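Working notes for the structure below.
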Amino acid sequence: MLTKIINGAKELYGVYYLVYGSLAGGDELINAYFWAGPYPNLQTALHKAQDLKNSHQGDDSFVVKKYS
């Protein structure tokens with residue numbers, strides 16, 4: 001399996017929950033809240049996001065982004 005290395009460090013991925021409008025807070029239109037992770041590879045994070053979507057009645061607000 002190939003692993004992408006940047007500056008000697010592995011990239012990590014997290015699952016975030018997107019909220020819109022007044023739930024985003026302040027002057028934000030969209031805000032992403034960290035939900036789960038970090039995960040060492042993209043596939044694991046995608047599987048977790050799918051599991052969360054399924055367990056939350058098909059909610060599409062779970063997204064995968066690079067962990068920061």
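What you see is a predicted model; the values in this text were computed from it and never measured.
- At a threshold of 4.5 Å between side-chain heavy atoms, the hydrophobic network of Ile, Leu, Val, Met, Phe, Trp and Tyr places Y16 and L46 in two separate groups.
- The aromatic rings of F62 and H56 sit tilted relative to each other, their planes meeting at an angle between 30° and 60°.
- Residues K65 and Y13 have side chains not in contact (no heavy-atom distance under 4.5 Å, counting atoms from C-beta outward).
- Linking Ile, Leu, Val, Met, Phe, Trp and Tyr whenever their side-chain heavy atoms come within less than 4.5 Å leaves Y20 and L52 in two separate clusters.
- Not counting sequence neighbours, Q43 has no partner by the side chain to side chain donor-acceptor pair (under 3.5 Å) test.
- The two atoms that bring A32 and L18 nearest to each other are CB-CD2, 3.5 Å, heavy atoms only.
- The side chain to side chain donor-acceptor pair (under 3.5 Å) check on D59 picks up Y17, S61, with sequence neighbours excluded.
- Annotation: side chain of T44 is not in contact with side chain of K48 (no heavy-atom distance under 4.5 Å).
- Checked against the 6.0 Å centroid criterion, the rings of Y67 and F34 qualify as a close aromatic pair.
- In terms of hydrophobic clustering, with Ile, Leu, Val, Met, Phe, Trp and Tyr side chains grouped at heavy-atom distances under 4.5 Å, I30 and V19 are assigned to different clusters.
- Judged as a salt bridge (charged side-chain N to carboxylate O under 4.0 Å, His left out), and not counting sequence neighbours, the contacts of K53 are D60.
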